[in-house]
Amino acid sequence: MKFYDAVGPNPRLVRMFMAEKAIELPKLEIDLLGGENRRPPYTDKNPGGQMPALELDDGTFLAETVVICEYLEELHPKPALIGATAVERAVTRMWTRRVELWITEPLSAGFRYGEGLAMFKGRMRTIPQAADDLKALAREGLEKLDALMAGREFIARGTISLADIVLYALLDFAAGVGQPLDAKNRNLSAWFSRMAARPSAAASIHPIAKAGKMRG
Ligand SMILES: N[C@@H](CCC(=O)N[C@@H](CS)C(=O)NCC(=O)O)C(=O)O
């Protein structure tokens, strides 16, 4: 099995997920900033053209971060970051989906159409006029989640889960590219500090990101 790695919040969240489970995999670094992920031979394997990906020993090529994490959890069920029971898994998936739909998808699109436009306009359809609205949507999602986090240590359940890791990696990245978490979100700010203190947070930062302000 081989992990196709790169700088960026999505690869980082899988690295953090693996660090929480003490999973170590051989890695192949793809030059995301140079666009290697948007050209063959990578796109022959992953037509989505994005990072990260996981190549299995039988040649199966998995992309999409949450799918990769789901697969790794099946191979390494402990500690359970998605869930040990059907109900736990369903609850984590529900919150992970909400995190994506309410926050990380609009936040990422807002970045690609805004601060990231120069890099992304040659890679995908970009909608610069939508950037501010998408960022506003993400801020509203954060405010909604902040209210729901009152009295809770983690997003989905009493322990860290995939939902926390997805949101943490994207928010840590966002802070360096013009979308910092507003401190008025007090519950989420406290949660963010707790996540940042986990050894997996530091362990999952990419060497390129260590050097610059873009954390991923
Ligand atoms: N839906 C994808 C999104 C992955 C994604 O956006 N990856 C970014 C890095 S954080 C990427 O590959 N960016 C470079 C590009 O799109 O060319 C997933 O869940 O894996």
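Counting starts at 1 for both ligands and their atoms, following the listed order.
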Nearest heavy-atom contact between E73 and L81 is OE1-N, 3.0 Å
Test item: N37 side-chain N/O and G49 main-chain N/O as donor-acceptor pair under 3.5 Å: yes
Measure from the side-chain N and O atoms of R12 to the backbone N and O of G216, and report whether any donor-acceptor pair falls under 3.5 Å. no
To check you understand the geometry: which heavy-atom pair defines the closest contact between P11 and G8, and what is its length? CD-O, 3.3 Å
The answer, listing residues by chain and number that come under 4.0 Å of ligand 1 through any heavy atom, is G8, P9, N10, P11, L32, N37, R38, Q50, M51, E64, T65, R112, F120, R123
Can you name the nearest heavy-atom pair linking V67 to A63, along with the distance? CB-O, 3.7 Å
Would you kindly say whether T126 and R112 are connected by a side-chain donor-acceptor distance under 3.5 Å? no
